[in-house]
Amino acid sequence: MKETVKTWTVLDILKVTEAAFRERGISNPRLNAELLLADTTGDSRINLYLNFEKPLTESEVSLYRDKVKRRLKFEPLQYIRGKTEFYSLEFNVTPDVLIPRQETEILVEKVLEYIKVSGLECPKILEIGTGSGCISIAIAANAECNIRAFDISNEAVKVAEINATANGTSDKIKFETVDFFDPGVTFEGYDIIVSNPPYISANDVPGLNEEVNGYEPYIALTDDGDGLSFYKRIFELYNVTQNKPFIFLEVGDGKKEAIVKLLSESSVNNYIIHNDLMNMPRVLEIKGTGNK
Ligand code: GLN
């Protein structure tokens, strides 16, 4: 006798997955279930809704199950999907890069605002720790500019290059594998420096959400110290630069006071800290003197 295999419809499988995700404490369980299923069947989410009664093929069910299992182990949705959105653009993401965060969009906004008011026609920009390339690519997609973006991870640089090409910005950005603490690094000749540095203290990493500390690259999260070493090095380089660039840095949660102290110890006074939409201090802007 032929064994009967259960036929799953779109609606049935979404309901079961949503319940499993909810029970596991995964936020937005229904949305997670829908996005993973839409990726599997190649449909849009709207089409899933229009085809609730549609039976899934056995291979669709098995592919979908694999993705659901990964999500139940708290692997981030963005790594399972292999993509995410940032500044209304699509980015490929792999476990070699930090998942772009919505709160980082304000960093891009501040740089774009400055480019506008500065009147610079094609500013020279340096990005430190580009990861997926999201910051540089979002800037390049919205302004004339010439960007050098580096990351210590060669794997990250490869992902960033793919993203730059996919978003039509590869002619404006040069990606390089560089260790920022290399003594050869200089800010000389740049109009703008931008970075979302690894600012989490090493001590805080074990207490992070499992989705973060279990999957995102350790070197993208922390400097393996107090979370301040990138800021410190950036202020040092700023001080020794002749024509000082404008600098835009993401401020880590709870790091404002420590950064302000470091600024004062480094005798950097010409700065302002912008809050984000949640009214959290998010972007440190250090004023430059410009390249005359
Ligand atoms: N620039 C990337 C981002 O903001 C990566 C930052 C990082 O790895 N610390 O998402």
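Start at 1 and go down the list; that is how both ligands and their atoms are numbered. Heavy atoms only: backbone and side chains are in, while hydrogens, waters and symmetry mates are out. All residue numbers refer to positions in the sequence shown, counting from 1.
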Exercise. Taking the six-membered ring for Trp, are Y215 and F74 ring centroids under 6.0 Å apart?
Worked result: no

Problem set entry | Nearest non-hydrogen partners of E188 and Q242, listed with the distance | OE2-N, 3.0 Å

Does [X] share a hydrophobic cluster with [Y], counting links as ILVMFWY side-chain heavy atoms below 4.5 Å and allowing steps through other members?
X    : Y   : answer
I137 : V97 : no
Y199 : I99 : no
I80  : I13 : yes

Less than 3.5 Å apart, N/O on ligand 1 and N/O on the protein: could you list those pairs with the distances?
unit_1: ligand 1; atom_1: 1 (N); unit_2: E127; atom_2: OE2; d: 3.2
unit_1: ligand 1; atom_1: 1 (N); unit_2: G129; atom_2: O; d: 3.0
unit_1: ligand 1; atom_1: 1 (N); unit_2: T130; atom_2: O; d: 3.2
unit_1: ligand 1; atom_1: 4 (O); unit_2: N196; atom_2: ND2; d: 2.8
unit_1: ligand 1; atom_1: 9 (N); unit_2: N196; atom_2: O; d: 3.0
unit_1: ligand 1; atom_1: 9 (N); unit_2: A220; atom_2: O; d: 3.0

Problem set entry | Any pair counted as side chain to side chain donor-acceptor pair (under 3.5 Å), so long as it reaches residues 160-173, sequence neighbours left out | N92-N163

